[in-house]
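Contents: one structure, followed by commentary.
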Number of protein chains: 2
Amino acid sequence: MNRIELIGVPGIPLITSGDDLPQVIGEALERSALILQENDVLVVTSKIVSKAEGRWIDLSSVTPDEQALAVARQCSKDPRLVSVVLGESTGISRISHDVLIVEHRLGFVCANAGVDHSNTRGEGEWLLLLPENPDASASGMRNRLVERFGVQIAVVISDSHGRPFRLGTVGVAVGSSGLPALWDLRGHPDLFGRRLQHTDVGFADELAAAAGLVSGQAAEGIPVVIIRGVSYPVDNQSTSADLNRPRKFDLYR
Amino acid sequence: MNRIELIGVPGIPLITSGDDLPQVIGEALERSALILQENDVLVVTSKIVSKAEGRWIDLSSVTPDEQALAVARQCSKDPRLVSVVLGESTGISRISHDVLIVEHRLGFVCANAGVDHSNTRGEGEWLLLLPENPDASASGMRNRLVERFGVQIAVVISDSHGRPFRLGTVGVAVGSSGLPALWDLRGHPDLFGRRLQHTDVGFADELAAAAGLVSGQAAEGIPVVIIRGVSYPVDNQSTSADLNRPRKFDLYR
């Protein structure tokens, strides 16, 4: 694992509702003569998965209820946006001026439930929700691409999250398939042959952060990145949900 | 920025107190015929920086005071370890069974003040503290390597941190020099030519996480990773301290 490559896949077109994303990605790979290799990890931004799934909400169609109006007053946000955010959430973590941090229905804690207000879609104002079930989307995409290219790969679906104690966003995994999202290195001896004390690595998150170096600048328009040369055990059980810290071990929520 | 390489530098020997780390790294690069290129980022684990700086504490030499004894009872840790952790801290964030999360004197929030208890050093039990001033260490290393190889590079000093809401550790930057640790992309237009809403990227943290894919497995023994192919503006002012969320913007501390 001495040399790893991060390869942005060129030529992914703008994705619209109903697009068959595994098909689109497969064609882009073939057009660019990028041959998938055994154990490649494909990191795909959640944004294009959401777009393919048509996860748009027309802001003008939203009627906020009492709770949304109350929360919106506390954080000085559009009550319609707050209404959509709360609809994607199982609870509120923090409210402050211009900040609304929630427990997403998918189990992680993040600002605005990952609802994206930065993209337009034709006329009017539209919100883009995270994919319905990104772990399932990752699994489906993996199956299709394994079938098409005949090699074992893993798929990570990434989003950019802020952090409680650190400024700046970093890529994290909101979906994954085929690798240990949380990788227990307990079994591995350290340099001195003793067992490691620090055990669990946020492997899928490190992959998402690495891919962010290629795809992170939106102007580049590179929503799919191949990570090549990483050694990992194929894991058909683990998903990005493994990265969610259970409430009972959470000292901050 | 379509293709980025992560290259583990082979042949870094075990580092001991007083080692001239820029010299050691320079020699390893030359031995392995790895030619540094313009804008390469060198990610160096804090562990070898600490070792070169001799940041060892002999656990048997520590006499815990009343506060350390009280905190140690709360978290069921060795009072001598707690004493050392508190000596590196400006405050306590959370105490729980087997967990002690503090505000490190360097400004970030982390478990055990980054004090490492997993390595032995000859006889007895030793603790390894984080480097005295990792931003300064990064800057010094950068200057020496720029001088030696005659190309502009940046340096990141990495550590592995846990996260409040997510399981697993990921690489983060505890020191940096030569790049915008926190990168404000506000000026960049997105795909549609509008200004980006989400602005600050934890750039040095993403680099540290990416390098963790190569160096993260201790058995590999690869404490220095070259990241090649990343486009970034050279920045002689920014340091990893820019990534510390100021207390007034922190809703969780």
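All of these numbers come straight from a predicted model, not from anything done at the bench. A, B, ... follow the sequence lines: proteins, then strands. Residue 1 opens every chain.
The shortest distance between side-chain heavy atoms of A/Val109 and B/Pro164 does not fall below 4.5 Å. When side chains are defined from C-beta on, A/Arg3 does not count as touching B/Leu6, because their heavy atoms never get closer than 4.5 Å. Here the side chains of B/Leu213 and A/Phe203 are in contact, with some heavy-atom distance below 4.5 Å.
For residues 99-107 of chain B, the interface with chain A (any heavy-atom pair closer than 4.5 Å) comprises B/Val99, B/Ile101, sorted by residue number.
Using a distance-only test at 3.5 Å, with no hydrogens or angles considered, a donor-acceptor pair links the side chain of B/Glu206 to the main chain of A/Gly171.
Atoms CG and OG, from A/Asp200 and B/Ser160 in turn, are 12.0 Å apart once rounded to the nearest 0.5 Å.
Both the backbone and the side chain of B/Leu207 have a heavy atom closer than 4.5 Å to some heavy atom of chain A. Of the atoms belonging to A/Arg163, heavy atoms from both backbone and side chain fall under 4.5 Å from chain B. Proximity to chain A is limited to the side chain of B/Leu182, based on heavy atoms less than 4.5 angstrom apart.
Shown here are the side-chain hydrogen bond (donor to acceptor under 3.5 Å, both in side chains) partners of A/Ser93, two or more places apart in sequence or in another chain: B/Tyr252. Taking B/Arg253 as the reference, B/Asp250 meet the side-chain hydrogen bond (donor to acceptor under 3.5 Å, both in side chains) condition, with sequence neighbours excluded. For A/Asp235, there are no salt bridge (Lys or Arg N to Asp or Glu O under 4.0 Å) partners, not counting sequence neighbours.
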